[in-house]
Amino acid sequence: MIQFSAITRIFHMGDQEIHALDHIDLEISSGEYVSIMGPSGSGKSTLLNIMGLLDKPDSGRYQLDGRDVTDLTETEQAQVRREKIGFVFQSFHLVPRLTAAENIELPLILTGISPAERKAQVEEALHAFDLSERAQHRPAELSGGQRQRVAIARATILRPTALLADEPTGNLDHRIGSEVMALLEDLHHAGTTLIVVTHDRELGSRAHRRIAMRDGQIVADEQ
Amino acid sequence: MKLRDTLQFSFKTITSYPTRSFLIILAMALGVAAVVILTALGDGARRYVVHEFSSIGTNLIIVLPGRAETAGNFPGATMGQTPRDLTLEDARWLGQLPQIRRYAPLNVGAAELAGASRLREVTVLGSTANFLPIRHMQLAQGSFLATGSEFSAQIVLGAKLAEEFFPDGNAVGQRVRLADRRFMVSGVLARQGETLGYNSDEIVIIPINHAQALFDTTSLFRILLEVRNRNDISSAKQAIRETLIQRHDGEDDTTVITQDAVLSTFDRILRALTLGVAGIAAISLAVAGVLVMNVMLVAVSQRTAEIGLLKAIGAPASDIRRLFLTEAAWLSLTGAIFGFILGHLGSLLIRLAYPQLPAWPPVWASLAGIVVALATGIIAGLLPAARAAQLDPVKALSGK
């Protein structure tokens with residue numbers, strides 16, 4: 001479903017050019033569980049951002065579900081993000097003034113779903129992620145694990161085909177981190193393509209396919 | 001994103017930052033209130049002046065002897081003539097014109113009033129029975145000069161004079177002496193205070209023939225004419241001029257003033273003044289607009305991560321822009337509504353404190369205040385909203 005051909009992303013630091021991604025060719029099929037590992041600055045986050053259409057490559061082509069999405073307009077990209085991609089971040093990125101339920105509801109509002117239907121879907125998600133008790137709490141009143149569960153609920157409420165997680169356990173202790181990973185893996189078992197960026201070897205090794213990066217290049221791709 | 005959701009979402013944002021929102025709303029409200037109150041004051045002053053003039057009578061035409069010339073030379077002076085006097089006969093002729101409902105000749109002078117062992121100098125008006133209705137005056141006691149009794153020795157006292165001379169309130173029927181003539185008090189004027197600078201509580205009114213004899217003159221100070229219909233004023237003015245020219249051997253040696261002209265001049269001046277103060281008050285709205293822009297810019301940088309997130313979960317730039325614009329619109333709209341209420345309360349207080357000043361805010365000012373506040377807020381929101389919409393999602397998410 002994800003097809004990168006010669007994707008290159010260059011950042012400029014002063015007069016120096018940094019090849020965050022250097023002619024990456026990569027193909028990920030639907031329903032895969034992939035981990036992307038590498039030291040910081042190896043380009044793994046940039047790879048994820050381009051996959052999620054948050055960032056544009058300087059050259060190369062990107063095909064998502066058979067459609068070339070490299071040159072989409074900003075609005076079209078937003079629509080693809082909304083429909084196909086779910087993001088999970090290291091720092092959760094919950095809106096602090098909204099309750100757990102309202103945070104989960106956000107993508108539904110953006111899509112323009114009616115309030116009654118939104119309510120039903122949010123209820124369902126809260127129940128599925130064991131957050132019903134916490135529905136009316138704001139992020140500040142939630143534990144780290146709960147916050148990440150809210151974020152995952154939000155990322156999956158529109159049933160995206162791919163779930164992109166950038167260091168999803170980076171701000172959580174080991175036990176909670178494992179629980180969150182188990183939750184993501186459950187979603188994978190249910191059919192979602194799961195792509196996890198991490199520098200944690202143990203977490204990364206849980207994936208069925210493990211990609212290692214260094215200096216903007218893929219140095220290992222193990223099944 | 002649906003409009004209703006956009007409105008709801010941005011409204012919720014405003015309620016989430018109560019202090020910040022309160023301060024902007026306050027600034028907007030003060031701006032709108034300033035517009036409303038200042039225009040209420042300006043328009044109140046206009047209504048006050050118009051009312052004062054109307055109390056003299058807007059259907060009034062005043063004829064005075066002599067011609068106001070700007071050329072510098074006095075008419076007739078070169079031929080050794082003085083301008084012709086206005087006489088009672090002139091007044092009677094003018095009173096016959098079809099447009100005229102009634103007329104009152106007027107003489108003014110000063111004389112000593114004596115009675116009840118008191119003595120003082122008073123302003124004496126000589127006129128006829130019609131003077132009372134033409135000048136919209138009221139009697140407190142007794143009767144005014146009777147119609148057709150120009151020669152009877154009646155006198156009408158101003159309220160204050162009646163009080164001074166006859167503190168017991170039994171002025172009517174008493175005998176007084178004005179200069180060397182004896183009069184009987186027929187009535188007392190109701191108290192009316194100052195009207196445009198002269199106090200009608202300290203005058204006496206006597207029949208015109210007595211006044212002319214008293215001041216030893218045959219000419220009139222003024223002729224007051226009341227037109228039947230306001231629309232007839234210009235035709236009446238024309239007819240008056242023609243009549244007088246004819247009666248004065250073709251000489252145009254009188255001045256005809258309509259109250260209407262004076263009134264409309266004041267009206268225009270004070271309307272302009274009201275617009276002026278509205279403009280000054282609008283500056284405070286502009287200041288509030290700058291404040292909205294400043295606060296919205298701060299909000300964009302405070303909420304960078306949130307904007308990044310909204311983009312990541314699929315909000316197009318247009319949605320983000322609309323969210324911030326609606327937020328600015330909410331703030332200014334709420335401010336405008338509170339300002340409207342505050343302004344009307346302020347005007348009410350002014351009316352309570354100064355009952356003679358009809359400080360009603362004009363409708364146009366209230367509407368303009370609200371519309372300008374809303375427009376300023378939205379314009380002020382344009383730049384911050386555009387900035388938010390253009391944020392790069394990757395940088396925004398990492399908080400850069």
Side-chain angles (χ1 to χ4, degrees), chain A residues 9 11 20 45-50 52-56 72-99 102-115 118 138-139 151 153-158 160 164 166-167, chain B residues 1-22 295 298-324 326-327 330-331 385-400:
Chain A
R9 182 75 174 103
F11 293 117
S45 288
T46 306
L47 189 73
L48 200 73
N49 287 337
I50 288 179
L53 294 173
L54 285 180
D55 202 356
K56 276 195 175 187
L72 292 185
T73 65
E74 197 269 352
T75 313
E76 290 167 333
Q77 279 188 345
Q79 195 189 349
V80 173
R81 280 200 295 271
R82 206 157 60 218
E83 289 169 356
K84 305 213 158 161
I85 312 242
F87 275 103
V88 176
F89 305 95
Q90 178 177 4
S91 50
F92 322 130
H93 280 303
L94 301 179
V95 180
R97 59 173 189 281
L98 301 181
T99 63
E102 288 166 339
N103 266 290
I104 297 172
E105 196 186 7
L106 272 179
L108 300 176
I109 295 179
L110 291 176
T111 319
I113 294 172
S114 76
R118 290 203 305 249
R138 287 174 208 281
R154 181 181 63 195
T156 53
I157 189 122
L158 285 174
L164 309 184
D166 193 352
E167 305 275 9
Chain B
M1 201 166 174
K2 294 225 172 84
L3 177 66
R4 194 170 140 244
D5 293 325
T6 309
L7 290 174
Q8 251 174 19
F9 189 84
S10 47
F11 188 76
K12 215 182 284 170
T13 310
I14 287 169
T15 53
S16 306
Y17 301 95
T19 318
R20 181 203 81 149
S21 303
F22 171 75
V295 168
V298 171
V300 171
S301 55
Q302 264 179 350
R303 276 188 255 151
T304 303
E306 179 188 326
I307 295 162
L309 170 85
L310 287 173
K311 290 199 159 188
I313 61 174
S318 55
D319 275 4
I320 310 262
R321 187 179 309 118
R322 219 172 295 134
L323 274 177
F324 277 86
T326 338
E327 198 175 325
W330 271 126
L331 287 171
R387 200 170 274 192
Q390 280 158 14
L391 280 179
D392 172 46
V394 174
K395 283 184 184 157
L397 280 168
S398 59
K400 281 178 209 154

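All chains are named by letter (A, B, ...) in the order of the sequence lines, taking the proteins before the strands, and each is independently numbered beginning at 1. The basis for the numbers below is simple: all heavy atoms, side chains too, and nothing from hydrogens, waters or symmetry mates.
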Output all residues satisfying ring pair (Phe, Tyr, Trp, His ring centres under 6.0 Å) with B:Phe11, sequence neighbours left out; order by chain, then residue number. B:Trp330
So, B:Glu327 and B:Arg20, do they make that salt bridge, N to O below 4.0 Å?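 B:Arg20 and B:Glu327: salt-bridged.
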Quick one: what part of B:Thr6 sits under 4.5 Å from any heavy atom of chain A, side chain, backbone, both or neither?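 Contact with chain A: none, neither part.
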Proximal component of B:Ile313, with respect to chain A [non-hydrogen, under 4.5 Å]: both
Run the numbers on A:Arg154 and B:Leu309 for side chain to side chain contact (heavy atoms under 4.5 Å, CB included), then give the verdict. CA-CA 11 Å; A:Arg154 181 181 63 195; B:Leu309 170 85; 3.0 Å; yes
Taking heavy atoms only and a threshold strictly under 4.5 Å, list by residue number the residues of residues 83-92 of chain A that touch chain B; give 'none' if the list is empty. A:Phe87, A:Phe89
Do A:Asn103 side-chain atoms and A:Val95 backbone N/O form a donor-acceptor pair below 3.5 Å? yes
Looking at A:Arg9 and A:Lys56, would you say the former's side chain and the latter's main chain have a donor-acceptor pair under 3.5 Å? yes
Between [X] and chain B, which part of the residue has a heavy atom less than 4.5 Å away: side chain, backbone, both or neither?
X	result
A:Pro160	neither
A:Arg138	neither
A:Glu76	neither
A:Thr75	both

For residues 304-322 of chain B, which residue pairs pass the salt bridge (Lys or Arg N to Asp or Glu O under 4.0 Å) check, not counting sequence neighbours? A:Arg97-B:Glu306, B:Asp319-B:Arg322
Across all chains, not counting sequence neighbours, the salt bridge (charged side-chain N to carboxylate O under 4.0 Å, His left out) partners of B:Lys2 are none
Based on non-hydrogen pairs under 4.5 Å, which of B:Ser318, B:Pro393, B:Ala312, B:Ala315 is most in contact with chain A?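 Among the listed options, the one with the most contacts to chain A is B:Ala312.
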Report the distance from atom CG of B:Asp392 to atom OG of B:Ser398, rounding to the nearest 0.5 Å.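 If I round to the nearest 0.5 Å, the distance is 8.5 Å.
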Would you call B:Leu331 and B:Ser21 a side-chain contact if the rule is heavy atoms closer than 4.5 Å?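 Yes, their side chains come closer than 4.5 Å.
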